[in-house]
Each structure stands twice: as C-alpha cells, then as structure tokens.
Number of protein chains: 2
Amino acid sequence: MASEHERGRVKTMETAFDIIETLVALDGGRISEVASELGLAKSTAHRHLTTLEELEYVVVDDGVYRPGLRFLQIGEQTRTRQEAYELAKEKVTDLAAETEERSQFIVEEYGRGVYVFRDTGQRAVHTDSEIGKRIPIHATAAGKALLATLSDERITEIIDHRGLPALTEHTITDESTLRSELEGIRDRGYSINQQENTIGLRAIGVPVEHGDGTPFGALSVSGPTHRFQGTLFEETLPNLMLGTANELELNIQYS
Amino acid sequence: MASEHERGRVKTMETAFDIIETLVALDGGRISEVASELGLAKSTAHRHLTTLEELEYVVVDDGVYRPGLRFLQIGEQTRTRQEAYELAKEKVTDLAAETEERSQFIVEEYGRGVYVFRDTGQRAVHTDSEIGKRIPIHATAAGKALLATLSDERITEIIDHRGLPALTEHTITDESTLRSELEGIRDRGYSINQQENTIGLRAIGVPVEHGDGTPFGALSVSGPTHRFQGTLFEETLPNLMLGTANELELNIQYS
DNA sequence: TCCAGGAGTTCGACGATGCAGAACGCTTAA
DNA sequence: TTAAGCGTTCTGCATCGTCGAACTCCTGGA
C-alpha cells in the first residue's frame, strides 16, 4: 500500500497518520470503513484506532471515530508559540476592519502557503474555517510576497518540488515570468494577484520580515475585481498595506 | 520504556506521539535531545523524526525539529466541522464585549473540559493561547455546568477515571458534595465557581444543549472576586448568561 | 594545525512486534 | 430463525522497528 515512500522510514507511523487523515477526510469513520478505505485488515485498523483513542488523539462516539481536540491544542500551541503571531493577528483584524474585505496572514511551510489567521470585514461572514489550509504559493498575493523574501536557492527548491500548476487561465506557470514578477515585487514592496487563484478575485500582498531580514510571513487583502480597481487598488490599498506591514515589522522587532 | 500501557496496542505509534509531545514540551528539540529525553537510541529518534518531517507533521529548522502547522489544520477542521461551533464563538465574543471580562466555551473530551473558544473584553489582553487546553472538569464553572448535563453513569465514569484532585482549598473533592452541587445547578440553570480553580477568581457557567437535549458544551465568564460580587454576581450575570445560552440553543436548533 | 568532543547519519543483525486471517459473539434486518 | 455485517480477540509468521557501532562533519581549544 502506498509504497511510493522511501525505504528506511517508520512504516507503522505512516499508516497511523493515513488513518488520521482518512478520519479527517471522511468526517469520522467506523473501523471497517477505515480498513477498506486504506486496504488494511480489520484487525489492524481496530488496533490502530484503539491505540489512537487511548492516546486521546481520537474520540469515538457510537462506533464512529473522529479526530480529537488534541490536534487543536498542539496546533494552537505551535501557532502562538511565537509572540509575533499574536501581533500578526492584530494586523489581520485591523486590515479587515479598515478595508471591510477579507484579510489573511500566511507563512511558508514545505513550499506552500499556510493560512495562519484570517478575518473578514462583515461580522456575518466571519469564518476561520480555512485556517491551516495549504495553498499553492505561486498563485496567491501573499504567497508571491512571501516567495519574494526567500533566497534564490529556496525558490528553486520550491518550484522543483511543487511545480507551477495552473489554477486559472491567469496563473503564472512559467518560471522565468515568475522570477521577474518576484523582482518587481521586491522593487515595489508589494504583490498583486490578478485572478491567478480564483476568477473574479484580486488581491494585494505584502511580505513581513523579522528585524534581521529573515522571512516571517505575508499579509494580504483580497476582494472582487469590481471593487478592487482604480485608485483603491493601485494606490490606497498598497499604501495601507505597506504601512501596516511596516508597523508589524517594527512591533516584532521591539517586542 | 513506558510500559505501563496495556498490551495489544501499537507501540510504535506511542513512541511517535511521545516524540511529538516532547517537541511540544521542549518547544522544539534536536535529535539527540529527543532521544535522551525519551530514552531512545539516537538512530531511532532520527528515523522517527525524519519520517514525521516527510509526512509534513514536523518542520526542521537548522537541526531543530518543531511540530508543524498541519496540527492546526486538523484541529481547526475538527473544531469547525460542527456548524454549532461557529455560533458558540459568536456568543463568546458577545459575552466578552458585554461583560468586559474573560469568557469561554468548553466541551467535554475524555472526562476533562477543553477550551474551544475564548475571548476577553479588553483588546490588549486578547489571547487565544489556551485554546485546546484541558482543565479538570469539577473545578471550573463551565466544567460543572457541563457535568450537570451528563448522565449519571458518565459522571461516575469521569470521577472514577479522573478523580477529584484539589486545585485550591475551595475545590470540591468529595463526590457526594459534587453530586448535590450538580443537582443545584440543574435547578438553578447555571453554575458558580468560588475560587475552586484559582484563588481570586470567580466564574459563572451555563450548559448548552442540542435541541434533543444531548450535551453540547458550556459557556462561562470569569473575573476577579472583587468585581464578581453583589447584584452583578448574583443576578445580572446569571441572567445575562442564561439568556445567551438560551439564544445559542435556539440558534443551534434552527440552523 | 591537529585533536577531541559532540552531533547527525548510515548500516547490519536481532528479536520484538505489527500484520493478516480466521474464528467468535453481538446486533440488526429480512 | 437465519444471515449478513460489524467489532473484538487470538495466534503464528515474517516484517520491520530497535539498538549499537562505525563513520562523517563541524566546532572549539590547545
């Protein structure tokens, strides 16, 4: 099963996490569901799930196993471990309030962007449901801003590893185009997303660096093309975001 | 190593999660640190950590391994899976805004209370750092409110499993006292915490149930004894919270 | 410059342990 | 009453996780 992995790894651990991911994907599953889904013997799935439950990583309700809140605990701890994350959260909230659009903060992990905070202007649409979601780094404003802060070697690594898949007809899929785009971002200080990720959506992103110039993450604000145009899109928003990123960097430096 | 666990479980998985928990506890560790911490051979720790990194559950920076954001992803997904959680979050925010005190929503897992949302009135102190934290269910307002909604058998199970450890001199450590306290909560509709968890802190908790009467979680608001007294503590707050819980239950029922 | 110490990595051999499959009991539906 | 489906338990086999040794790389001190 799934033997595309290198040798020399702990196979049992792979099946353990395969099971957890199956539970996430199925939104909870019974023993035999999991077993057939992964091609395991029923007894094996049973043993794994029982162990996961004893370790308190999985809860069982009426025979249906689901991931437990311990993942949330570990996730929150890794998120808040760095004080800078709290500062970034404030800025995300501020941006959402000022622009009344959707704003988010992402960091890079394994060559992809990961949503760390997100907020929206209107209270009603307020949802955190995509926190932790991984997005292709080359097709989002925040992702490109982040890429621009990385070293050339790291950029090459990421492109080699993840490729440049097209998400819409506007996605940049050519490496040299992307590189010159990144050059432009470094000059301007901010990045633009022109429906490269989703048709009908534009966005502006700004990188955020630590005091010593090492990359930290990126802020972005996104909205519909009919609102994101003209002076707002070309001047007001970029200036607001550059200012916000600058404040954030100063806050980080002196905290 | 650590052989107090039952036979018939997947031992390798236990060491895998032991390693993850060690990384959480140490806030990142090197291979040999983890190995000596858990009494493993260096090569074993190496193999596990390499596997965890390949599975993208752990990131490595300059030889130091840390839990990755995938835990956050799984945690957020389990939290937001149930739509009711979003509704609960709104109420936590509302309570924090109205009372200008700390408010939280907890659910029960493995016989303990788990913070699912938390908010505080003043923006400055706004921190989510304790999300996911597990608390003794008998020594908190929300915990007792939650306990009061459970079946007698489940209550017995929890007490047998977790015991009633004293956290302060006011903690209820006697089972029959706790049971009559729960009876009172069922009558009144809300619970009170009189410095049972932390000296100097009082709190009020209300249970939240699904439309069919099954337990969902509990809301609570906590504050310092010098503010939590008199009419506020005896009337205003309880009424506010009972109303809020009632609204929440209605929202849940018709969503 | 050389050596010593510590860290990460690789390798091989042993035996613990994870795995599949069968068998059993329970519940549900026909 | 029976059959199907599910969870649970057990047992034997061979896989695979474990340890320890050996090697390299890096760093700091003499």
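Throughout, protein chains are lettered first and strands after them, A, B, ... in sequence-line order, and every chain is numbered starting at 1. Keep in mind that the numbers below use all heavy atoms, side chains included, and drop hydrogens, waters and symmetry copies. These numbers come from a predicted model, not from an experiment.
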Check: Which of residues 20-32 of chain A sit near DNA chain C, with a heavy atom under 4.0 Å from it?
Finding: none
Between atom [atom1] in [X] and atom [atom2] in [N], what is the gap in whole Å?
| X | N | atom1 | atom2 | result |
| --- | --- | --- | --- | --- |
| B:Y65 | C:dG8 | OH | C1' | 8 Å |
| B:K42 | D:dA22 | NZ | P | 13 Å |
| A:D18 | C:dG18 | CG | C1' | 15 Å |
| A:L49 | D:dT9 | CG | P | 14 Å |
| A:D62 | D:dC6 | CG | C1' | 13 Å |
| B:H48 | C:dG8 | NE2 | P | 16 Å |
| B:L52 | D:dG17 | CG | C1' | 14 Å |
| A:M13 | D:dT18 | CE | C1' | 15 Å |

Hey, is [X] close enough to [Y] for a salt bridge, meaning N to O under 4.0 Å?
| X | Y | answer |
| --- | --- | --- |
| B:K144 | B:E196 | yes |
| A:E183 | A:R179 | no |
| B:D61 | B:R66 | no |
| A:R9 | A:E14 | no |
| B:E86 | B:K89 | no |

Next item on the list: Please report how far the helix from C:dT1-D:dA30 to C:dA30-D:dT1 bends, comparing the axis fitted to its first five pairs with the axis fitted to its last five, to the nearest 10 degrees.
Entry: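 Roughly 30° between the end axes, to the nearest 10°.
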Check: Out of D:dG17, C:dC19, C:dA7, which has the shortest distance to the side chain of A:T44?
Finding: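 Nucleotide nearest to A:T44's side chain: C:dC19.
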Next item on the list: Can you sort out the partners of A:E56 under side chain to side chain contact (heavy atoms under 4.5 Å, CB included), two or more places apart, ordered by chain and number?
Entry: A:R70, B:Y110, B:R112, B:R134, B:R162
Item checked: Short side-chain donor-acceptor distance under 3.5 Å, B:S220 and B:R118 -> no
If the cut-off is 4.0 Å, is [X] near the phosphate of [N], judged by side-chain N/O to OP1 or OP2?
| X | N | result |
| --- | --- | --- |
| B:T12 | C:dG18 | yes |
| A:S43 | C:dC19 | no |
| B:H46 | C:dT9 | yes |
| B:T15 | D:dT18 | yes |

Check: Do A:K11 side-chain and C:dG18 base share a donor-acceptor contact under 3.5 Å?
Finding: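 No, no donor-acceptor pair under 3.5 Å.
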Item checked: Any A:Q104 side-chain heavy atom under 4.5 Å of A:L219 side chain -> no
Notebook entry, point to check: Is the distance between the ring centroids of B:F17 and A:F17 less than 6.0 Å?
Noted result: yes
